[in-house]
Structure formats: structure tokens, C-alpha cells
Amino acid sequence: MTFVEQVSGLTSAHSRYTPLLRRMLTGVGLALADRAGARLAATLGMACSRDTLLRLVRAQSAPTARQVALVGVDDSALGKRHSYATVLVGMDSHRSVDVLADRCVPTTTTWLREHVGTDIVCRGGSSVFYVTGRGCAVH
């Protein structure tokens, strides 16, 4: 039997990677994922499989919802011409803030009313959305 003392921040029980290496591999996985990420990690001396990178990315918790002042609104296809959703992107971080189930006016209006701090709405290149005052509408 081997006894090893766990040093907080340096080691973790039953883990193949140190917390620092796990964070670094997660960053590589978020940036590139799959085979390209595995090749970069191997080049940097952190050899791991593409499945490991994908597993680390999937293990990440979803980001918490936050208040954004500038939001971009666009539509996105969930399947090939079968169903569409509304994607709301924070224009300061260029990250998805929320995905609405459809691209209807009441759904988007409800979201905007619930998020009072959202002052400016930008529409995407799609002709589906246009801005009217402080709201958003659909053609």
C-alpha cells in the first residue's frame, strides 16, 4: 500500500492530472478540441487523446447567466430547415447569452422585458429580425 499526502492545489485524489494540467488541457480543448487540440497538447508536452480533451470540455459547467447591456439577436437553425431558434449574444464578450426556443416576437419581447439592464439591441445580418425602439420584431 502506498501512502501519499494530498497537497491542496497541487494534487487531487484519484486523478491522472494535476489541477494545473487539467486547466491547461481544458483550455486547449476549448480552443481547438478533437485532433488539432491533441496535436497541440502533444507539441506542448501534455500528451493526451482527443477523447480526453472532449471529456474535459464536456465536464465544464455551463456559464452563469449575467446581465448584458449590449445584446445581439440573430436566428439559428437547430436542424436542416426544420426548426429555428433565436440566439442572443453579448456583444462585449462575443459569447452566447441565451438561446430561445423559437424566433417569435412574444418570446424575444418577454426575454427583453425580463432583462431590464439590456439597453441596446443589435440585429444580425438576417432579415428576420429588425429593431423597433427598445424592442425586437420579426418580419
Side-chain angles (χ1 to χ4, degrees):
M1 178 181 278
T2 303
F3 173 77
V4 177
E5 183 179 348
Q6 298 298 321
V7 179
S8 64
L10 182 61
T11 61
S12 54
H14 309 291
S15 179
R16 290 177 168 242
Y17 304 113
T18 64
L20 176 61
L21 181 58
R22 181 178 297 276
R23 282 193 308 270
M24 291 168 59
L25 287 173
T26 301
V28 169
L30 288 170
L32 296 176
D34 212 11
R35 288 190 178 117
R39 283 194 304 267
L40 176 63
T43 302
L44 295 173
M46 305 179 292
C48 68
S49 70
R50 64 188 181 113
D51 293 325
T52 300
L53 289 178
L54 293 174
R55 190 172 28 259
L56 289 172
V57 169
R58 285 188 202 113
Q60 292 296 304
S61 60
T64 58
R66 58 182 175 75
Q67 194 65 24
V68 291
L70 179 62
V71 68
V73 180
D74 203 358
D75 61 332
S76 176
L78 298 175
K80 291 185 178 181
R81 296 174 295 208
H82 294 290
S83 60
Y84 292 89
T86 301
V87 179
L88 302 164
V89 179
M91 299 309 291
D92 56 345
S93 65
H94 302 288
R95 293 185 184 244
S96 175
V97 175
D98 205 350
V99 178
L100 306 179
D102 55 18
R103 55 182 186 171
C104 297
V105 174
T107 307
T108 308
T109 305
T110 302
W111 190 91
L112 287 170
R113 286 192 179 130
E114 289 173 358
H115 296 81
V116 180
T118 304
D119 293 329
I120 302 171
V121 178
C122 302
R123 71 173 181 88
S126 172
S127 62
V128 175
F129 294 102
Y130 64 93
V131 177
T132 59
R134 289 193 55 163
C136 180
V138 178
H139 278 245

Pair listing, salt bridge (Lys or Arg N to Asp or Glu O under 4.0 Å) test, anchored in residues 13-30, at least two apart: none
Of all pairs that satisfy salt bridge (Lys or Arg N to Asp or Glu O under 4.0 Å), the ones with a partner from residues 29-53, not counting sequence neighbours: D34-R50
Any link between [X] and [Y] through a network of hydrophobic side chains (Ile, Leu, Val, Met, Phe, Trp, Tyr) touching at under 4.5 Å?
X	Y	result
L21	V28	yes
V73	L100	yes
L56	L32	yes
L25	L44	yes

Under the side-chain hydrogen bond (donor to acceptor under 3.5 Å, both in side chains) test, residues paired with T110 that sit two or more places apart: none
Separation of [Y] [atom2] from [X] [atom1] (nearest 0.5 Å):
X	Y	atom1	atom2	result
T86	D102	OG1	CG	6.0 Å
R55	C48	CZ	SG	9.5 Å
H115	L88	NE2	CG	8.5 Å

Test side-chain contact (heavy atoms from CB on, under 4.5 Å) applied to V87 - qualifying residues, sequence neighbours left out: S76, V89, S96
Counterpart residues, side-chain contact (heavy atoms from CB on, under 4.5 Å), relative to M24 (two or more places apart): L20, M46
Members sharing V99's hydrophobic cluster (side chains within less than 4.5 Å): none
